[in-house]
Amino acid sequence: MSRRSFLAWSGLVGAGVALTGCSPHGEEKAKDEGAADATPAAFEYDSTHWSGCHVNCGSRCPLKLYVKDGTVVRVGNDNEGTDDFEPGGIYQMRSCVRGRTNRQRIYNETRVQKPLRRVEGTKRGEGQYEEISWDEAIDQIATTMKEIKDEYGNDAFYIQYGTGQLGGTVAKSWHPDKTAFARLMNLYGGYLRHYCDYSTGQINWELPLFNGDAYSNNEVTDLVNSKNIVLFGNNPANTRMSGSAMQYLITQVRLQNPEAHIVVVDPHLSDTAIGVANQWVPIRPCTDMALVAGMIHHLFTEGKLDEELIRSKFIGFFSDTFVEDVKQGEPKDTSFMGFDKAGALVIDEDMSYEAYLKGTGAYEGTGEKTPEWAAAITGVPADTIRALADLFVDGPTATIQGWGPQRHSAGGNNARAIALIAAITGNVGISGGGTGAREAVGGVPYKVATAIPTFPEKNTVDVCVSFFDWYQAIEDYQSMDDATWGVRHINEKGATIYAEEPGTIKLKAPIKFIWNYASNVMAGQHADINDSLRIYNLPDEKDSGVRMIVTVDCYLTPTALVSDIILPGTTAFEEDDIVTGGTAWTGFVCCESAAIDPLFEAKPVYEICTLIADKLGLKDQFTEGKSQLDWVKWSYEQGVEAGEDFPATFEEFREQGLFKKTDQHEPAIATDEKIATPSGKYEVFSKQAYNLSKQWDLTCGGYVPDDGRDQITGLPIYYNNVEGFGDEATKADYPFQLIGHHTKTRTHSSYGNVEWMKSVAPQQCWINEQDAAALGVENGDDVIVSTERGRSQLSAKVTPRIMPGVVSIPQGAWYDPETRDAATIGSKDVLDKGGCISVLTSARPTPISKGNGVHSNLCKIEKA
């Protein structure tokens, strides 16, 4: 946010909250806060401290902080070890450009300085706050918790998903069930948990319908043995670009395997495609399953598939064995989706993949799924489809899908289809091949504890909701059960299981209290911000309306400004913790020491939870007599007890800070020897999915229209999905497919308040040159992007790097409404000036996973 928008949006009143430059002593910002110099200048410092970059990019890079007179004067990166990328080498885990700007996050004008309380009578989202003392804040929180527990029980408490403080042990914000808040709440009786996350909402539950596993793939270092590498919607040059992440690894692979043919299948020509690929295959969003059908049709009709392999390891492909295949794939108990207790869901028609390809059986009249058929849907030429298919049988061919293809309204079918082409061409279980899941980056783990104990066995709440559907539990929890909103049961071992009888797993209370720690989900990553604001402002009544939202954060994010209480948290550089990481043949553990004292009145989250626990009479149980540093020592000692050979006492471990180790392991190869599906085989046709299609109410109890655009299909087939390419009714008014992509300048919304990052790559809407010309839009023009849900303004990036008919907005920009008058809160007519795509995306849950199909949007574009 600009300082203008920050001041206008927050509108802080009452005690007069200070909004200075946020230097540690109220002085001006240090001189090196301007543009970065090409040549680092000499600088003075008193001490150095190891810490880490705690954001959600998958890396956790070590950072070395240089401190002078109690102020961080420079953020450096790992400079220990060599640059040799090879077995047994300890290479440097160098941070990316984002990590090097952390000084601008420490001393940022959006830092929360004191506890704040929403002014009585104002709406959530107006940003009207008054300063209060820590005692007042803790007392009001504890009092409200007691009232809610007495009235509703522990089912009314919810810990929000958040990854703004990721990677630590004591101060971690993810997974929510491993946080200090989880420890506190479980000691208090528990809370409503959620399953899955905003990154992997569909692939996590739907790829296993095919192969029983959402994550296993060959280790990236094995790509040196690949003849071909196909990346579906995977852009690590932006998402995982540090020296300890995927982009570094695949760049090294390219250097060591220069003959590999690397293909990127993506609607936009990503930085990864430019950096390492030989070929870009532009494809219309959420049509990957049609592409795969066209590819398999070509290979099948040309006799290029191994029939013996398919008959031995797959079910649901051939017509002549389909009936017997379905019997093998019947879910056996409630550990699988779609358990059919009565045995009533019998299939009496040919629904095999062979029938689908030919347009026969249950698919009579749908047409043959030739490459030409696929070309008309995907925008990929038929000859390109054939050539791409041939790469898979001229391998070994590695297949890696990012998590973008599954974040669509039919994204689960995308995920299954991409894995299908990898497996059916015999590329699983071999060196140089792969499963079609996300990349596995390897590493050499340290045996330290990575979370403090949270006592999950004390949680009395035995149901959980989808990470994406928590908002419905504020408005209408009584509509939520397993058959409408995917509510699941948690058994005594902590495993999520499905219902024996559809509609029997229900929520017991509305969400009345939300803990929001290091998270900008509620007015940032979550969909349809305008409707979310409406829900947050529902009156607090017996069966609906949230009573209290408490945010603990370093920054006044858009989400913080929909809270009732905002508590100033510390950055990772103001507290002690421990973090682990590594890739390939190297692993590290970093004992992080506070580089500076907490700024203003900020407190570490462990101390905050201790204060609340004290008010609830749980302090001794919560702390076990340990300080935060004691827990860091405990983590180290857990490693020692597990056999970790640390060359240091804890005091020496803390003093040295960063430790690395290496080995010379061969790259791990994912196998298909034990497939965790009901049949134990690849299930091209999933009886689990078919059963769900008959058992579940896909209108979510009337929440979404019964328009046929939500489907659960036994096969991973293409259908006319919500706001997809074939949605002609919506396209009449909103002609462009809108997707989101990750930008180099942010990790989700983290770093969204760093001016250096904004100057590197301003928030822009990518639009093809042909489309821009038709609209009269030139590069750099301000445009307004609109969907049925809202409007957002940003400048246009006119480029050939995105296919015609598709536009893309980088996700994670901070929501910045033009007005925040109480009367306009939640109105879709309010113009967002921050380029926040979540103003435009749909909160309609996806059919199986009840996840976020937020890349399926139809929009229009107008010059501002």
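One-based numbering along the sequence shown.
A salt bridge links Lys304 to Asp390: at least one charged side-chain nitrogen sits closer than 4.0 Å to a carboxylate oxygen. Using a 4.0 Å cut-off between charged nitrogen and carboxylate oxygen, Arg311 and Asp320 count as a salt-bridge pair. Salt bridge annotation for Lys358-Glu368: absent, with no cationic side-chain nitrogen under 4.0 angstrom from a carboxylate oxygen. Salt-bridge formation is detected for the pair Asp710/Arg844: a Lys NZ or Arg NE/NH1/NH2 atom is positioned less than 4.0 Å from an Asp or Glu carboxylate oxygen. Note on Lys860 versus Asp733: no salt bridge recorded, every NZ/NE/NH1/NH2 to OD/OE distance being 4.0 Å or above. Ion pairing between a basic and an acidic side chain is recognised when a charged N comes within 4.0 Å of a carboxylate O; Asp271 and Arg801 show such pairing.
Crowding of Lys332 atom NZ: a count of heavy atoms from other residues, nucleotides or ligands under 6.0 Å exceeding 12. More than 12 heavy atoms of other shown residues, nucleotides or ligands fall within 6.0 angstrom of atom CD in Glu349.
Distance alone, capped at 3.5 Å, places no donor-acceptor pair between the Ser679 side chain and the Gly329 backbone. The backbone N or O of Val722 lies less than 3.5 Å from a partner atom in the side chain of Ser409, making a donor-acceptor pair. A donor-acceptor contact shorter than 3.5 Å is absent between the side chain of Asn852 and the backbone of Ser199. Judged by distance alone, with hydrogens and angles left aside, the side-chain atoms of Trp585 form no donor-acceptor pair with the main-chain N or O of Glu86 at under 3.5 Å.
In this structure, Trp373 has its ring center at least 6.0 angstrom away from the ring center of His297. The distance between the ring centers of Tyr248 and Phe85 falls below 6.0 angstrom. With ring centers used as reference points, Phe467 lies under 6.0 Å from Tyr198.
Between Phe685 and Tyr690, the ring planes lie tilted relative to each other; the angle falls in the 30° to 60° range. Between Phe392 and Phe232, the two ring planes are tilted [angle within 30° to 60°].
Judged by the 6.0 Å and 45° rule, Arg240 forms a cation-pi pair with Trp403. Judged by the 6.0 Å and 45° rule, Arg416 forms no cation-pi pair with Phe210. Under a cutoff of 6.0 Å and an axis angle of 45°, Lys731 and Phe725 form a cation-pi pair. Because its NZ or CZ atom is both nearer than 6.0 Å to the ring centre of Tyr356 and within 45° of the ring axis, Lys369 counts as a cation-pi partner of that residue.
Annotation: side chain of Ile229 is not in contact with side chain of His261 (no heavy-atom distance under 4.5 Å). For the pair Leu231 and Glu439, the minimum side-chain heavy-atom distance is 4.5 Å or more.
For the residue pair Thr251 / Gln247, a side-chain donor-acceptor distance below 3.5 Å is found, with atom types taken as modelled.
Rounding to the nearest 0.5 Å gives a distance of 6.0 Å between OG1 of Thr841 and CG of Asn857.
Contacts of Thr846 classified as side-chain hydrogen bond (donor to acceptor under 3.5 Å, both in side chains), with partners at least two apart in sequence or in another chain: Ser849.
Within the structure, salt bridge (Lys or Arg N to Asp or Glu O under 4.0 Å) pairs that include any residue of residues 374-387 comprise Glu372-Arg386, Asp383-Arg386 (at least two apart or interchain).
For the pair Ala375 and Ile385, the tightest heavy-atom approach, listed with the atom from each and the gap, is N-CD1, 3.7 Å.
Of the listed residues (Arg746, His742, Lys744), just one forms a side-chain hydrogen bond (donor to acceptor under 3.5 Å, both in side chains) with Asn238, and that residue is Lys744.
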